[in-house]
Chemist: 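Below is one structure. I have some questions about it.
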Amino acid sequence: MSGYHLGYGTNGFAGHRLDDALAIIAGLGYTSVALTLDHQHLDPYADDLSARVDRVAARLDELGLRCVVETGARFLLDPWHKHEPTLVSENADKRLDFLARAIRVAEGLGADCVSFWSGVSTVDEATAWERLRSRMPAVLAEADRRGVRLGLEPEPGMLVETLSDALRLRAETGDPDLLGITLDVGHCVAVEPQDAAACIRQAKGLLVNVQLDDMRPGVHEHLEFGDGQLDLPATLTALDEIGYTGVAAVELPRHSHAAPQVARAALTALRAARLDQSWLGEAQRRIAGDPTAVRTLFPAAGRHVGRGPLHPGSDPDGLVHGTADDLARTRLLTTLAAALPAGEFAAELADLYRYGDGAERRGVLRALSAVGDKAGATGLELVRDALRSNDTGLIAAALGPFAARHLDQHGWRHGVLKCLFTGIPLAAVAELDRRADDELRRMITDYAGERRAAGRAVPADALRFLEEAP
């Protein structure tokens, strides 16, 4: 088990109240949060800041979230100029005051560190470096008074742009124990001469905060995993190798418009990357070279990657989000789909389902969201077969995104109703809001009426669905 704590940044939840953002982050299964102080998220200039800090600290403790404090708010200090003033501005008083406030907040929250950066220079390099060096003692003194660690983040386009720049500043300020490194692995792709894994190894012993995102070389744009050129499995492997035990939080500040969905997808990608580090990666390579190897590797997945739910806190039975072996089997079938023509893939998929046990059948059904479009007719046959069963794992897996896209309305409605009959949470039904219609509402209303007439309780999911119906 990895020692670091996967988290998500609140700057990716700019449209949410802080308490709601923290609840969603914890509910998805993250165990830490990167809290960006901003006007809508724990405003460091609020009159009742101390009380607010106490409330947030209690909430973090209640949710079991570890924390780092981020200071990258865009217009908190100057409503007209992004990030200004900085530590290399002509007058840095506001920035120094803000960092002092952030350090006090971090002390109150019990945060791992305060993460900060140098700023963009508008003067010659020598002058900028002198300004930065002259202002660091005040920041370090406040950190020392409060017993709070600092994480200096190299940032593309700023004076301290690369890891070597950050190490230079640290050396020129006397290598203070409290001054560590924040490393954004996407920045490594964008501007570093070596990859993120090599940067992590170079920063070993100094790393106090990690930001996770994807990027492309030469472009400072935070992307979801898979949209850039970050080798995510190798990056996570490097964190394990150096024994990193701090926060590693997803940093997607421009994705607040779809924050819960993006955060869910990011965690899925991170968990898949962790699986890819060992047995699964080798299994995929074997299938790519010899597709028939899937016949022995697919059944073996549970023994090697585990069978536990992906979100044990909110989904202990794995009916909504699936299990570790479900996720691994999806990766295996994605590799198989790329290795075979459509017809051969469909036949292999059907055999894996037909001859598999319950877990293997469930794995096939959950994989349809990723590979079903290459075996559309076969996938629908398997979905319909699962919906005829009374196996809750199969029924829940069958009503995923593939069924939401392709299953006929009549069959889909009866699948939803079967969830209510068998106690499957309606959260397992993909795109329920989009596909729900008046006929489904009538069916659920009749079902609720029958339950009441028989003196039986109506499932809470049915009541919620009817209450939310327009």
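Since the model is a prediction, treat every value here as computed from it, not as a measurement.
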Chemist: Would a line drawn from the ring center of His41 to the ring center of His39 be shorter than 6.0 Å?
Modeler: no

Chemist: Going by the rule side-chain contact (heavy atoms from CB on, under 4.5 Å), which residues pair with Ala106 if we only count those two or more places apart in sequence or in a different chain?
Modeler: Val69, Ala111, Val114, Val148

Chemist: Tell me the side chain to side chain donor-acceptor pair (under 3.5 Å) pairs involving residues 410-427, sequence neighbours left out?
Modeler: Arg413-Asp437

Chemist: Can you tell me how the ring of Phe421 sits relative to the ring of Tyr447, calling it parallel under 30°, perpendicular over 60° and tilted otherwise?
Modeler: perpendicular

Chemist: Using modelled atom types and a 3.5 Å cut-off, is there a donor and acceptor pairing between side-chain atoms of Ser32 and backbone atoms of His5?
Modeler: yes

Chemist: Would you call Asp351-Arg354 a salt bridge at under 4.0 Å N-O?
Modeler: yes

Chemist: A side-chain contact here means heavy atoms from C-beta on lying under 4.5 Å apart; do Pro253 and Glu251 qualify?
Modeler: yes

Chemist: Assess, by modelled atom type and distance only, whether the side chains of Gln202 and Gln194 contain a donor and an acceptor separated by less than 3.5 Å.
Modeler: yes

Chemist: Taking only residues two or more places apart in sequence, or in another chain, which ones meet Ser256 in a side-chain hydrogen bond (donor to acceptor under 3.5 Å, both in side chains)?
Modeler: none

Chemist: Side chains of Thr323 and Arg366: donor-acceptor distance under 3.5 Å anywhere?
Modeler: no

Chemist: Can Arg66 and Asp112 be counted as an ion pair, charged N to O under 4.0 angstrom?
Modeler: yes

Chemist: Scan side-chain atoms only and decide if Asp290 and Thr292 contain a donor-acceptor pair under the 3.5 Å cut-off.
Modeler: yes

